[in-house]
2 protein chains.
Amino acid sequence: MGRINELRLIARVAQMYHAEHKRQAEIAETLRMSQATVSRMLKRAEQEDIVRTTIIPPPGTFAELETALREKYRLTEAIVIDCSEDRDGAVMARIGEAAAHFLEVTLQQDEIIGVSSWSQTILRMVDNIHPLKAAKAKYIVQILGGMGEASVQAHATQLTARLAKLTGGEPRLLLVQGITSSREAKLVMLSDPVVRGTMDFFGRLTLAVVGIGAVEPSELLARSGNTFSREELAMLHDAGAVGEISFRFYDKDGKPVETPLNERVIGITLEELRKTDRVMALAGGESKTAAIAGALRLGIIDVLVTDKFTAARLTE
Amino acid sequence: MGRINELRLIARVAQMYHAEHKRQAEIAETLRMSQATVSRMLKRAEQEDIVRTTIIPPPGTFAELETALREKYRLTEAIVIDCSEDRDGAVMARIGEAAAHFLEVTLQQDEIIGVSSWSQTILRMVDNIHPLKAAKAKYIVQILGGMGEASVQAHATQLTARLAKLTGGEPRLLLVQGITSSREAKLVMLSDPVVRGTMDFFGRLTLAVVGIGAVEPSELLARSGNTFSREELAMLHDAGAVGEISFRFYDKDGKPVETPLNERVIGITLEELRKTDRVMALAGGESKTAAIAGALRLGIIDVLVTDKFTAARLTE
DNA sequence: GACGGTCGTGAATATTTATGCTTATCCAGC
DNA sequence: GCTGGATAAGCATAAATATTCACGACCGTC
């Protein structure tokens, strides 16, 4: 009896507020009640489902997949990009682009950014960064040594330097092999004060941008030439390794896989990544699905940028 | 290219804000941007139609009709009530109930309320007023003399007194005939200081609650007995009178109709009503449609309470 | 390549909204 | 009929949100 009149009034208040864009104080005056009452009525309007707010995701975005990813893997943020097909080149480009935009918008003053500089996807990200959007980074730190021959290494260096320039930061390069030939060789490298200087930043990063690699013999071999021995590959495989970040391996449950190989890598460790404020991972593609799933279970990734097909597989 | 990423982010912010009920400051922190930017993004989300707010009128309410009425007749407020059929008794009861609720909610401290105390609908309103809702009225003023025989007059007096009691105000009665037998008789009545005292309030009302009467010989005669002469009725008719408020007549365009009858009425004038802060009219029913339409065109009514059928006819 | 206009930003601040507190009333149970 | 707890209101004020401001970068013209 009284309820219908009450609801009518609430609906009217909601209409004035939401549709006619009147201030609560104005509504209160028109309807001769206090602003507090109007505020409370608006709250009730939501409870009674008289006003309903719908979020319509813009076409080409995948809010649902993102939410599912965030919730399943406890991410701060997930970015899922559209792509017509699984073709790797296109996917990487789109991931890089989205990551670039996100980075630009969320970049803070004086960040210390670590970048895993040999990933193709990260390269695409740097390609797409719009030079400087107000905030300036402090240092751009290369968090993994170079790969393969000198000319390829130069690429990595350039990427880091370019990112540094675009963000206004100072580059901190790691001019050594990412994977040394032996434990001893690594120790020699580490004796270089410049190398140590760069590596000192690993524990002080405010943001790390990393790629995720799959553990498939073919891929690893293709990428790194003969850096891995047949035994090492077998060892990784036996230990259940499914992927790597900065050549630190882990299994499908997100448990780090310790092998002697660790001793040969010059790059950030998973522990150091864990201590980093924000870790942003860029990866997509069918072949990397297991690697990404494992990486997410490590619990060190805050932001994932991937494609819709991979996202769908990850949330299954 | 960049736009899709931008929209994605806006949608994400909108989701966090509207669906997850996070504060802007919290969103800003999560996404490493300023609260100002979040606020701006939310505004853009509305512009881009990424968030859409819908007001769902509760069943049994008629927001559209109300809006149409408000706009067509420039009302502050229109209240349209549901009723299954045009049966007058039921309609009056519902109108009275709705008016009572509105009055309760919008009643201010120390109002001086004028009430046209012989309308059946207003009687139903008073019946439905929930005794006192915080605010107390100052005076309840009877704005039209009594009608017909003494026993009926007592009714009117009681209504005013009851409303006074319910609202905590002091009643100001008008213990005279609403329509005197002649101009001279009226002057005699007006010489009574008590009557004058009540009438002095007519110009100081903060709220007037009035009924609207149709000009149909049958109805007028039925209601008022033989108070009108055949000549007067003819005069009203010739002048195009379609309705009355407090026995002040007007035509279909909302132009007051001046006849010698005016000289015999003891009650508030249209001019006095015009000066009143809020004038609330209660009326519904097929037969009163023209009278209501004319009344609304007078431009003195702020709030109309009516039924859905009448509202529909009025907005045609 | 310098110049004015536009745009977008964060910090500070103004405005608007939500809420804690107090009071008054109502209702249920005694 | 009286008391205790619940409810709802307004006021004052805290909290949240919008806007102003000043500044720096970008862009198209000269």
Side-chain angles (χ1 to χ4, degrees), chain A residues 1-3 5-7 9-10 13-14 16-18 20-48 51 53 100-111 129-137 165-169, chain B residues 1-3 5-7 9-10 13-14 16-18 20-48 51 53 100-111 128-137 165-168:
Chain A
M1 27 167 275
R3 184 168 159 81
N5 291 313
E6 197 184 352
L7 292 183
L9 189 59
I10 290 176
V13 168
M16 287 172 110
Y17 187 75
H18 293 289
E20 298 167 25
H21 303 289
K22 298 224 168 83
R23 306 265 145 247
Q24 292 185 7
E26 194 183 346
I27 298 169
E29 198 180 0
T30 311
L31 265 44
R32 323 278 166 137
M33 45 179 83
S34 74
Q35 175 269 317
T37 301
V38 173
S39 173
R40 288 176 183 127
M41 279 185 165
L42 287 169
K43 192 193 270 181
R44 272 205 65 197
E46 305 226 325
Q47 289 166 355
E48 301 278 357
V51 302
T53 337
H101 177 261
F102 186 78
L103 192 68
E104 280 173 35
V105 174
T106 66
L107 193 62
Q108 309 231 269
Q109 201 63 240
D110 297 326
E111 293 228 48
I129 286 181
H130 207 70
L132 272 161
K133 202 106 182 178
K136 273 183 166 58
K165 189 157 196 179
L166 287 166
T167 56
Chain B
M1 24 165 277
R3 183 168 159 80
N5 290 313
E6 197 184 351
L7 291 183
L9 190 59
I10 290 176
V13 168
M16 289 172 109
Y17 188 76
H18 293 289
E20 299 166 25
H21 303 289
K22 299 228 170 81
R23 308 265 144 245
Q24 292 185 7
E26 193 183 346
I27 298 169
E29 199 180 359
T30 311
L31 265 45
R32 322 278 166 138
M33 46 179 84
S34 71
Q35 176 269 320
T37 302
V38 173
S39 173
R40 288 177 185 123
M41 280 185 165
L42 287 169
K43 191 193 268 179
R44 270 205 65 199
E46 305 227 323
Q47 290 165 355
E48 301 278 356
V51 301
T53 338
H101 177 261
F102 186 79
L103 192 68
E104 279 174 36
V105 174
T106 66
L107 193 63
Q108 309 229 269
Q109 201 61 242
D110 296 327
E111 292 229 47
N128 279 287
I129 286 182
H130 207 71
L132 274 159
K133 200 108 182 176
K136 274 183 166 56
K165 189 157 198 180
L166 287 166
T167 58

*Starting at atom CG of B:L107, determine the distance to atom C1' of C:dT25, rounded to an integer number of angstrom.*
16 Å
*asked:* Rounded to whole Å, please give me the gap between CD in B:E104 and P in C:dT25.
replied: 15 Å
*Starting from P on D:dG10, measure out to CD on A:E29 and report it in whole angstrom.*
14 Å
_Output one letter per nucleotide in nucleotides 13-19 of chain D: B when a protein non-hydrogen atom lies under 4.0 Å from the base, S when only the sugar-phosphate is that close, - when neither is._
---SBBB
*Got a donor-acceptor contact below 3.5 angstrom from the B:S39 side chain to the B:Q35 backbone?*
no
*Send over the distance from A:Q109 CD to C:dT9 P, rounded to a whole Å.*
15 Å
*Start with the C-alpha distance between A:K22 and A:V38, add both sets of side-chain angles, then the distance that settles side-chain contact (heavy atoms from CB on, under 4.5 Å), and finish with yes or no.*
CA-CA 11 Å; A:K22 298 224 168 83; A:V38 173; over 6 Å; no
*Rounded distance (nearest 0.5 Å) linking atom CE of A:M16 with atom CG of A:L42*: 11.0 Å
*side-chain contact (heavy atoms from CB on, under 4.5 Å) evaluation trace for A:H101 with A:V105*: CA-CA 6 Å; A:H101 177 261; A:V105 174; 3.7 Å; yes
_Reported CD-to-CD1 distance for the pair A:E20 and A:I27, which is rounded to 0.5 angstrom_ = 8.0 Å
*Atom pair distance, as rounded to whole Å: CG in B:L31 and C1' in C:dT9*: 16 Å
_Between D:dA25 (C1') and A:L166 (CG): distance, integer Å_ = 15 Å
_Rounded distance in Å - NE2 (A:H21) to P (C:dT16)_ = 15 Å
*If you measure from CG on A:N5 to CD1 on A:I10, what distance do you get to the nearest 0.5 Å?*
11.0 Å
*Calculate the interatomic distance between A:I27 atom CD1 and C:dT15 atom P; express it in whole Å.*
19 Å
